[in-house]
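Below, chains carry the letters A, B, ... as their sequence lines are ordered, and counting in each starts from 1.
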Amino acid sequence: MGHKHMGSWISPNSLDNTSYSYHLAKWAEFIRTCDPDILTGYNIQNFDFPYIFDRAKHLKIDSVVHQLSRVRNVPCKIRDQMSQSKQMGNRVNKQISIEGRIIFDVLQVILRDYKLRSYTLNSVSYHFLNEQKEDVEHQIITDLQNGSPLDRRRLAVYCMKDAYLPLRLLEKLMSVINYMEMARVTGVPLNFLIFRGQQVKVISQLMRRTKTQNLFLPVVEGGQSDDTYEGATVIEPMRGFYNEPIATLDFASLYPSIMIAHNLCYTTLLKGCPENLKEGEDYTKTPSGNYFVKPSLRKGLLAGILEDLLSARKRAKNELKNEKDPFKQMVLNGRQLALKISANSVYGFTGATVGKLPCLEISQSVTSFGRQMIDLTKNSVEEMFKAGALDGLVKQDAVVIYGDTDSVMVKFGVETVQEAMTLGLKAATEVSKKFVQPIKLEFEKVYFPYLLINKKRYAGLYFTKPDKHDKMDCKGLETVRRDNCPLVATVLNKCLEMLMIDRNATASLAYAKNVISDLLCNRVDISMLIISKELTRRGEKYQAKQAHVELAERMRQRDPGSAPRLGDRVPYVIVAKGKKVAAYEKAEDPIYVLRNGIPIDTRYYLENQLAKPLARIFDPILGDKAESLLINGDHTRTKTVAQIKVGGLAKHMKVIPTCIGCKAVLQKDSNGALCAYCLPRRHLIYAEKVARLKVVQRHFGRLWSECQNCAGTFQEEVLCSARDCPIFYMREKVRLDLHEQMQIVDRLSKA
DNA sequence: TAATGGTAGGGGAGGAAACCAGGATCATAG
DNA sequence: TAATGCTATGATCCTGGATTCCTCCCCTAC
């Protein structure tokens, strides 16, 4: 036992078997009496249910406990399932089937729908509900159960919260509603949406269509072919900082609309060039050299499916427009995004060479049309909006500075957002006329200012109305990536805000320098320095050594129960071990580092985490001196190196007593606290140290009561060890400080 | 075993290969 | 005069460090 999303099951050792059997059997009876449609919880699929069934087997009452289904005499089944997909990565899951009920595991839903830095119940609850629970380590659970009635009450409260938070999450995220909607649209059972991929949804829709038209789906022997095809164009960016409005034009649902417009489908594909038909009238030749008949001869199945999905999306978008509550807006946005992804995965399905029905003729035709269209768009916009065009309305030649797959960013050379919007709108309607229905180029937004760093990496202030920006939009930058530490993300975000919103480069740079100085002086909280990466495959499948993989292996050797498993994100910090040591040797578990006071390699964080991303955003403004300015400036002079307390050399070191007042090495004949020079100032030093102790105590008290508040206990000790809670890290750090200060004062008063 | 949407692309880290400077060693001339 | 000792010089090889290039890996954009 002991996965991190453990549920709240008491250890069987703490009860005699008969009593435990009784409760477990009662629990199964309770389920049968309640007769729920949906069973939910957090990680119940991979922890709680397997655990219950294991216990039942051990207690020899599995025949009772397994009878949870709605069909008499069909017991629950449980089996291991190795799943791998591009969307979800590799994962080992338990698959539990209870006839007539659905296991709706909130963790699985969150994993699927949201990209987060951490997926513990605590972290997720904090993210969505702004609320946490006391996270009790699993070893303590047994102690609590064996303790006083008050302890057991506490355990009960903890368990309640463990069950209550997932419910709150479901309610707030409207997951069940959204999944039902998806199940209706695609025609697959609800639980397929949780434990299976995108393909099954497309297959299901295809089957529906084929049935109405009396067609059969062929069974294709999936040869393990690894042939690929050419994808989309990414226009070479004209990198730089644009202090002028940049308009963006997007194709709405590019790939689905191409498939509808050109009738690309399995049922319309012609093998080879048809001789008795007319090109353009009866059939289309795609830019990749494939042939498809026109809708007048036969309308494709895929077109129909896509039209359904797109109209569902349009409905969701309309609801979104009328919704006032910002959170419901977010959820509706999620729904329309899910429908968009479903529509896009129809294209993906035809290109999935390991899938049920691959058809590269379709997918490569789609992308080739896409490439042709973005080229045409770029050229027509630049052609149409030359200086002097539209009766002199256009002041400068329009330039497409960047574009990716279905979008182009246009610099019209105007000064205001309003002008850019007018021209953008004009361009979108004009260019749309060049394409077949329902392909449509839309004007969506204006960026002003716009920082274009590289392909797939940019930031800008996002305007949809001329007077005020909606938000700051960052794409591909470290602020939206999860494989760096939060410090990088927050600093970069703040700097970008100062650059874009306040338009103050000097202040922005000063802020960055300030943070760097804080970092080098150890004033940055450790929770800001935690890097996390996903364990995407089994240890032996990695060819190259990597920090998170090596650490996961070390943790497995320390404690196999709590070590990260396949598909988990591994959090780590880089500790000081010398300059020449590889990063994978310096990665360490944050809690371990905190508990043992191991010093952080702040230089690593400066040079390998902060420096490059910051340099990249300051570069276009300050020129290429930006990086050296950041790394070597005056603000990097002062450093504090924390003392090593464990491991390595520490055990060979002897602590030499030093003077509390001036840190000078103490002579043998001193009183054990102060040197001869400081001795006369004894009272002053004592007062100062006591004052310092008071400050630390107060700080600790504040954090402690915050934790008590969160845990909902004001009488007892806080047990929480939530790995994702910044307060927890601060509390632990201050606890160490407090201990140190108390020792100092102790030494002084004894002397 | 059964099941698995796609390609394009940036960027960090590790590791091999190419490169270079400096020292040790040795042969040779004088 | 021949043999020997010594030094200066240059060639060669080895070694450690810095640099470059390539590949792997993660994560994102669309």
Side-chain angles (χ1 to χ4, degrees), chain A residues 79-91 93 95 115 117 192 195-203 222 224 227-237 239 248 250-251 253-255 337 340-360 362-364 366-368 370-371 374 402-408 453-458 473-484 488 531-537 541-550 569-570 574 580-587 604 607-609 611-613 616:
Chain A
R79 65 187 178 92
D80 283 320
Q81 181 203 28
M82 171 84 185
S83 72
Q84 52 176 304
S85 78
K86 278 279 158 57
Q87 186 195 359
M88 301 283 298
N90 289 357
R91 235 167 221 115
N93 278 323
Q95 199 187 311
K115 297 229 173 247
R117 278 178 184 262
F192 275 31
F195 72 89
R196 296 192 55 176
Q198 296 285 340
Q199 289 208 38
V200 68
K201 292 198 267 186
V202 183
I203 286 271
Q224 289 286 341
D227 50 339
T228 52
Y229 57 93
E230 196 180 338
T233 310
V234 183
I235 296 174
E236 190 61 37
R239 301 167 181 81
T248 3
D250 286 49
F251 285 105
S253 306
L254 179 70
Y255 287 177
L337 224 56
K340 179 186 171 180
I341 290 169
S342 285
N344 269 331
S345 58
V346 173
Y347 148 76
F349 176 79
T350 65
T353 44
V354 287
K356 280 265 184 288
L357 206 58
C359 181
L360 294 195
I362 297 178
S363 41
Q364 71 188 11
V366 171
T367 56
S368 65
R371 289 195 297 275
I374 197 167
Y402 178 56
D404 185 346
T405 312
D406 63 353
S407 65
V408 287
I453 289 172
N454 218 333
K455 283 182 175 178
K456 299 185 191 286
R457 293 169 72 84
Y458 58 82
D473 202 20
C474 295
K475 288 290 161 71
L477 301 184
E478 284 71 14
T479 48
V480 297
R481 292 183 67 90
R482 295 175 295 169
D483 54 356
N484 49 50
V488 175
I531 305 167
S532 76
K533 285 197 171 74
E534 188 183 324
L535 208 55
T536 56
R537 54 194 90 173
K541 299 253 176 163
Y542 279 98
Q543 293 181 44
K545 290 191 169 178
Q546 298 207 99
H548 65 297
V549 183
E550 298 289 308
R569 295 188 69 80
V570 186
I574 299 291
K580 291 286 151 204
V581 186
Y584 61 80
E585 290 177 49
K586 298 203 276 186
Y604 174 91
E607 285 169 10
N608 298 46
Q609 290 271 317
K612 292 238 170 82
R616 274 193 291 266

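- When both pairing distances are held under 3.5 Å, B:dG5 makes no Watson-Crick or G-U pair with any nucleotide shown.
- Toward the 5′ end of DNA chain B lies the nearest nucleotide of A:Ser345, the other residue of the pair A:Gln609 and A:Ser345 mapping further downstream.
- Scanning for salt bridge (Lys or Arg N to Asp or Glu O under 4.0 Å) contacts around A:Arg457 gives A:Glu478, with sequence neighbours left out.
- Shown here are the salt bridge (Lys or Arg N to Asp or Glu O under 4.0 Å) partners of A:Lys356, two or more places apart in sequence or in another chain: there are none.
- Taking 4.0 angstrom as the limit, A:Tyr584 places a side-chain polar atom (N or O) nearer than this to OP1 or OP2 of B:dG15.
- Against the 90° criterion about 0, the sugar-base torsion of C:dT1 places it in the anti range.
- The salt bridge (Lys or Arg N to Asp or Glu O under 4.0 Å) search around A:Glu585 returns none, not counting sequence neighbours.
- Between A:Lys455 and A:Asp404, no side-chain nitrogen of the basic residue sits less than 4.0 Å from a carboxylate oxygen of the acidic one, so the salt-bridge criterion is not met.
- Applying the salt bridge (Lys or Arg N to Asp or Glu O under 4.0 Å) criterion to A:Lys340, with sequence neighbours excluded, gives no partner residue.
- With sequence neighbours left out, the side chain to side chain contact (heavy atoms under 4.5 Å, CB included) criterion links A:Lys586 to A:Ile574, A:Lys577, A:Val581, A:Asp601.
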Exercise for review: Spell out protein contact along nucleotides 25-30 of chain C as letters: B when the base is contacted, S when just the sugar-phosphate is, - when no protein heavy atom is under 4.0 Å; keep the 5' to 3' order.
Suggested key: SBBSBS
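- One axis for each end of the helix from B:dC19-C:dG17 to B:dG30-C:dC6, each built from five base pairs, and the angle between them comes to 0° at 10° resolution.
- Every residue two or more places apart in sequence or in another chain that forms a side chain to side chain contact (heavy atoms under 4.5 Å, CB included) with A:Thr248 is listed here: A:Asp250, A:Met409, A:Lys445, A:Tyr447.
- Take A:Val408 and apply the side chain to side chain contact (heavy atoms under 4.5 Å, CB included) test, not counting sequence neighbours, and it matches A:Ile235, A:Leu249, A:Ile374, A:Thr377, A:Val400, A:Val410.
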